[in-house]
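Start at 1 and go down the list; that is how both ligands and their atoms are numbered. Starting from 1, each residue takes its place in the sequence as its number. Just so it is clear, the model here is predicted, and its values are computed rather than measured.
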Amino acid sequence: MTNPGTQGKPLRLFNSLTRKVEEFHPMNRAETRIYSCGPTVYNDAHIGNLRAYVFTDTLRRALTWKGQTVKHVINITDVGHLTSDQDEGEDKMELASQKMARDIWQIADHFTRAFKDDLRKLNVLRPSLWSTATDHIQEMIACAERLQRAGVTYELPTGLYFDTTKVPNYGSLSLTPMEGQSEGARVERIEGKRNPSDFAIWRRSPETGGKRQMEWLSPWGAGAPGWHLECSVMSMKYLGSPFDIHTGGIDHREIHHCNEIAQNQACTGADHSGANWWMHNNFLVDRSGKMSKSKGEFATLTSLIKRGIHPLAFRLLCLSTHYRSELEFSPEIVAGQQVRLKRLLGAVTALRLKVAPGEWLRIPREIAYSSGASLSYPRSVLENTLSPEAQQFVQSFDGELAEDLMTPRLLPILDEVLGHAKLSPEDKLRVIASMDMVLGLNLLDTRRVDLSVRPESAPLSEQEVEALLLQRQEARKAKDFARADQIREQLNLAGIDLMDGQQPAWEWRPSLA
Ligand SMILES: [Zn+2]
């Protein structure tokens, strides 16, 4: 079986803390623990924010490719995030509720679903755990009390604040010197704040202006937790301290993550930051100006889909640029990636046609394409079945991936495999199947049904599986869904997962939303 952390070239990742690319080793060889800052669910996610989750997903897939088991937590911020990261303005959720004249909990629920739906369309693997801020209020209050006991807080009429001068090296993660911030970006607006960089741990509800929809009782009065506190509390709760990797958009590097680190240090009394690796993806930039929120064009995944862009073309666009570089977006650029994706799918389909029906199952079952839920990859199986020439492609793919997830260099390798004159179609399919576990482009999802077979639990022969698939197809055609579900169940019990596609993936339609 898999041998954690030892497959292929050692993985090297850029660490924002040390500002260097360093060899990555999980603390616990059995499991790599990752926390990703999630969305604030007051509107549809901007595609710039979605880039962060394609990056995190690629990181997770890369670790899996290297043979590691990953525990991944993404949070949902449904309270506490103000319109400015600097403790100013109003709570984004409360504001959205007023604007839309809808109950705040309904808004949170609606946009949480919308966000998860976006990730599903982008083929981002489900995290091991979704963690919602409002489910952790009592733990946040307990953490705030600990911070108070540690002597790093002070109280103002507006709430409880963290004194950033009480922890050593506050803000060392940030790229902007703190001195500059106190004069420029961080203008002090909260009366009584001791330092411009101090931030709210608990915000007391204002006495005027009506009751907030989201508020809880605390030793500092009725109010709500600060945004930064949420991530410290939830990451420590589920992943321990320190854990392996904390991810987020590069905008979090300046304030949100600096504040998390300050809290982590004060809370645990340790001098580590709470995570061994801090990783940040760069911005998505729109020089065409067509993505502006005011126009509402191209700003969300749904708006792309409405314009005929497949979500996986956006995923491919994300992969085409290294995560630490700015990703240039324009309707033309993403349309170009759609053409590229169609070409890839067309080439894979042509290969599939060269392999006799049923032959797909003869590709080693362990690497049969999986939708990702049970992504596992015993590398040794693949290497034993590939020709030496095909193995070389896998090695160069692994080498580029291991160098801080150099995804733009992975795609030409894929092209080379597809166009290679000597590799057999089976060999090519095997190599592509394994590469796509990292790329997540569903390149092999071009048949009506794809299979992920767990051979150790599969008592059915290949012929029996094929026969059942055919019967299920007939049942679905005849709208006998009970029978179709029964067969799915039978196959599931035999360790076979089914993925249904409405039509071959390369014939997508804009109505996908
Ligand atoms: Zn966060």
Are a donor atom and an acceptor atom from the side chains of [X] and [Y] found within less than 3.5 Å of each other?
X: T268; Y: S241; answer: no
X: D78; Y: T134; answer: yes
X: E260; Y: H246; answer: yes

Query - ring pair (Phe, Tyr, Trp, His ring centres under 6.0 Å) partners for F111, two or more places apart - result: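 For F111 there are no ring pair (Phe, Tyr, Trp, His ring centres under 6.0 Å) partners, ignoring immediate neighbours.
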Report task. State, with a plain yes or no, whether a side-chain heavy atom of H257 is found less than 4.5 Å away from one of C37. Result ->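 When only atoms from C-beta onward are counted, C37 and H257 do touch, with a gap below 4.5 Å.
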Query raised in the report: More than 12 heavy atoms of other residues, nucleotides or ligands under 6.0 Å from NZ of K237: is that the case?
Result: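 Counting neighbours around NZ of K237, more than 12 heavy atoms of other residues, nucleotides or ligands fall under 6.0 Å, so yes.
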Report task. Take the Zn ion (ligand 1) and tell me which protein N, O or S atoms are nearer than 2.8 Å. Result ->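 Atoms qualifying: C37 SG, C231 SG, H256 NE2.
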